[in-house]
Colleague: 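The structure that follows is given in the form of structure tokens.
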Number of protein chains: 2
Amino acid sequence: MNARERLVASAQDLLWERGYGGTSPKAIQERAGAGQGSMYHHFAGKAELAVAALTRTAEAERERAEAVLGGDGGALERITAYLRRERPALRGCPIGRHAADPDLVADPALRAPIEETFAWLRGRLAALVASGQRDGELREGPDPDAIAAAVVAIVQGGYVLARASGSQRSFDEAIEGAVQLVAALAR
Amino acid sequence: MNARERLVASAQDLLWERGYGGTSPKAIQERAGAGQGSMYHHFAGKAELAVAALTRTAEAERERAEAVLGGDGGALERITAYLRRERPALRGCPIGRHAADPDLVADPALRAPIEETFAWLRGRLAALVASGQRDGELREGPDPDAIAAAVVAIVQGGYVLARASGSQRSFDEAIEGAVQLVAALAR
DNA sequence: GTCTATATACAGATAGAC
DNA sequence: GTCTATCTGTATATAGAC
């Protein structure tokens, strides 16, 4: 891996762990084994490197989600599989954790990968709910967009509960509740 | 309001807006109209002041929640009222936003007010679900603790979606989904 | 209780040599 | 492409006068 790649990979790790405001260029360089000059040669500054790192993290997350959402089974089965996918909740969500950072949220270039990931995920889940309703698998009353937003929110909120309590158990409990609630959508 | 109170109130505002890592003692002092000496006279340092501020914010949040959860109506009605309570989602949750900060989460004194708030809220909601089940208002299958965790998580995740998209609408949509899902708990 | 002065470290970059 | 030197500002205090 060349220096540029190592810088992006290191930034991905540190942004996940410490967030944008909590990650210094120096820390990224040290983890990457690259000097100041190398980093500022490849990127205009911290923000530009962070955009590259966040974009790559976002792509990876979408792939992982699609692997479950585009899998076998009916709508309910796939949504449940998405909810139950293993997640190290105490580490926080590599995408969602950035919503808390005011400087990141205020910068459109930094916010874009985060926004787009959730937009895609909500759309993907909403389509799944809608297809389940068309197939007669799910009741027709609930709004697919609203259900999709709620499902994504439960996962994100689960991370918050886990980190607040210092326990993976909190995340698992929220997911279990989500599974029970979603099961009631069945016809 | 004396200097000590102004310092706590200013810290509350800044911690909500910028988080623990993003809030400097200097910024707190300036907003409070107090000098360095004043702050370090009343508090041993940033962490001690933050604990005082977070504790106060946590108390306020619990009161606001109890006002709705301890209100009139059945379990479902009160849970729905809690979900639909007006929230300026783009500002983030004054409690939950801190779950993203690694330094806060790593310090037991700083994390305590956050952890306790969620523990209380989950217990309060679980009791409400359980009482609804005993009364025959709600179906008996779902686990009250899991449903409570999911409800709290949806609210927290709603904040994440709103800030990620830059739109209150995202929060409202997740809440609407939650209301529709919870409604299916009715017998 | 509050003030001003001082101190050490780090953030985030720029400059120019190699 | 990468290195080292340098720079300005901020973070988070401590010290001692008033």
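Note that these values count all heavy atoms, side chains included, but never hydrogens, waters or copies made by symmetry. Order of the sequence lines fixes the chain letters, A, B, ..., with proteins taken first and strands second; residue numbering starts at 1 for each chain.
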Colleague: Could you state the atom-to-atom distance from CD of E48(B) to P of dT12(D) in whole Å?
Modeller: 16 Å
Colleague: For L14(B) and dT10(D), give me the distance from atom CG to atom C1', rounded to whole Å.
Modeller: 15 Å
Colleague: For the pair made of NZ in K26(A) and P in dT4(D), what is the distance, rounded to whole Å?
Modeller: 13 Å
Colleague: For the pair made of CD in Q36(A) and P in dG1(D), what is the distance, rounded to whole Å?
Modeller: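 Computing the Q36(A):CD to dG1(D):P distance gives 19 Å.
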Colleague: Is a salt bridge present between E140(B) and R134(B), judged by a nitrogen-to-oxygen distance below 4.0 Å?
Modeller: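 Looking at E140(B) and R134(B), the cut-off is not met.
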Colleague: May I ask you to establish whether R124(B) and F118(B) are in a cation-pi arrangement, using a distance under 6.0 Å from NZ or CZ to the six-membered ring centre and at most 45° from the ring axis?
Modeller: no
Colleague: Please tell me if the side chains of V105(B) and L90(A) come closer than 4.5 Å, counting only heavy atoms from C-beta onward.
Modeller: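 No, every pair of side-chain atoms sits at 4.5 Å or beyond.
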Colleague: Please determine, for the side chain of H42(A), which listed nucleotide (dT2(D), dT14(C), dT12(D)) has the closest atom?
Modeller: dT2(D)
Colleague: Going by the salt bridge (Lys or Arg N to Asp or Glu O under 4.0 Å) test, name the single residue among E5(A), E61(A), E63(A) that passes it with R56(A).
Modeller: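 Going through the options one by one, the only one that passes is E5(A).
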Colleague: Q29(B) has an atom CD; how far is it from atom C1' of dG1(C), in whole Å?
Modeller: 14 Å
Colleague: dT10(D) P sits how many Å from D103(A) CG, rounded?
Modeller: 14 Å
Colleague: Roughly how far, to the nearest 0.5 Å, is the CG atom of L161(A) from the CD atom of Q156(B)?
Modeller: 7.0 Å
Colleague: If each of A44(A) and G33(B) is mapped to the nucleotide of DNA chain C with the nearest heavy atom, which maps nearer the 5' terminus, i.e. the 5' end?
Modeller: G33(B)
Colleague: If each of P25(A) and G37(A) is mapped to the nucleotide of DNA chain C with the nearest heavy atom, which maps nearer the 5' terminus, i.e. the 5' end?
Modeller: P25(A)
Colleague: Does dA11(C) have its OP1 or OP2 closer than 4.0 Å to a side-chain nitrogen or oxygen of S24(A)?
Modeller: yes
Colleague: Rounded to whole Å, how long is the line connecting atom CZ of F43(B) with atom P of dT12(D)?
Modeller: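 In whole Å, dT12(D) P and F43(B) CZ are 16 Å from each other.
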Colleague: Would you tell me if any nitrogen or oxygen in the side chain of K46(A) comes within less than 4.0 Å of OP1 or OP2 on dG12(C)?
Modeller: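 Checking dG12(C) against K46(A), a side-chain N or O does come within under 4.0 Å of OP1 or OP2.
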Colleague: Between dA17(C) atom P and Y40(A) atom OH, what is the distance in whole Å?
Modeller: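 Nearest whole value for this atom pair: 21 Å.
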Colleague: Judged by each residue's nearest nucleotide on DNA chain D, which is more toward the 5′ side, H41(A) or M39(B)?
Modeller: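 In this pair, the answer is H41(A).
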